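Working notes for the structure below.
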Amino acid sequence: MDIAHLGFWMTMMGTICWAVCFCWMHRISSKQNRLLDELKQQNQRIEKLSKAEHDLIKEVHPQVGEIAESVEAMKQQVKRNGG
């Protein structure tokens with residue numbers, strides 16, 4: 001085998017290695033993109049639930065204050081009645 005044949009086969013090996021690496025990196029990149037999409041969807045679901053929870057707390061908060069006032073009034077009335 002002379003130097004020209006050796007050079008040809010080394011070039012072919014390099015080209016094949018480049019193609020394999022390209023396919024491998026493309027596959028890794030695809031997996032990363034899928035994972036990022038899943039994380040984005042999860043983040044959107046968490047934000048939606050958090051907003052709903054926040055809205056519920058806003059809705060319930062005044063009622064909690066009113067209940068606490070009612071309980072205090074009831075305690076004072078019980079104390080006055082000798083209970």
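Heads up: numbering here begins at 1 and tracks the sequence. Note that the structure is predicted; figures quoted are calculated from it, not measured.
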| Can you tell me how far the SG atom of Cys21 sits from the CE atom of Met25, to the nearest 0.5 Å? |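 Cys21 atom SG to Met25 atom CE measures 6.5 Å (nearest 0.5 Å).
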| How many angstroms lie between atom OG of Ser30 and atom CG of Leu35, to the nearest 0.5 angstrom? |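 Here the rounded value is 12.5 Å.
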List the atom pairs, donor and acceptor, that lie under 3.5 Å between side-chain atoms in residues 5-14 and the rest of the protein, sequence neighbours left out.
unit_1, atom_1, unit_2, atom_2, d
His5, ND1, Asp2, OD1, 2.6
Thr11, OG1, Gly7, O, 2.8

| field | Test log, rule side-chain contact (heavy atoms from CB on, under 4.5 Å), inputs Glu72 and Lys75 | value | CA-CA 5 Å; Glu72 282 299 318; Lys75 282 182 185 177; 3.7 Å; yes
| task | Kindly indicate whether the side chain of Arg34, heavy atoms from C-beta on, has any atom under 4.5 Å from the side chain of Lys31. | result |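 Touching, per the 4.5 Å side-chain cut-off.
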| Among Lys40, Arg45, Glu38, which one satisfies side-chain contact (heavy atoms from CB on, under 4.5 Å) with Gln42? |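 In the set Lys40, Arg45, Glu38, the residue that makes a side-chain contact (heavy atoms from CB on, under 4.5 Å) with Gln42 is Arg45.
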| query | Is the number of heavy atoms from other residues, nucleotides or ligands within 6.0 Å of CD (Gln44) greater than 12? | reply |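 Yes, because the 6.0 Å sphere around CD of Gln44 holds more than 12 heavy atoms from other groups.
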| Partner residues of Trp24 under the ring-ring contact (aromatic ring centres under 6.0 Å, His included) criterion, sequence neighbours left out |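 ring-ring contact (aromatic ring centres under 6.0 Å, His included) list for Trp24, sorted by chain: empty.
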| field | All side chain to side chain contact (heavy atoms under 4.5 Å, CB included) counterparts of Gln32, not counting sequence neighbours | value |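 Gln32 satisfies side chain to side chain contact (heavy atoms under 4.5 Å, CB included) with Ile28 once adjacent residues are dropped.
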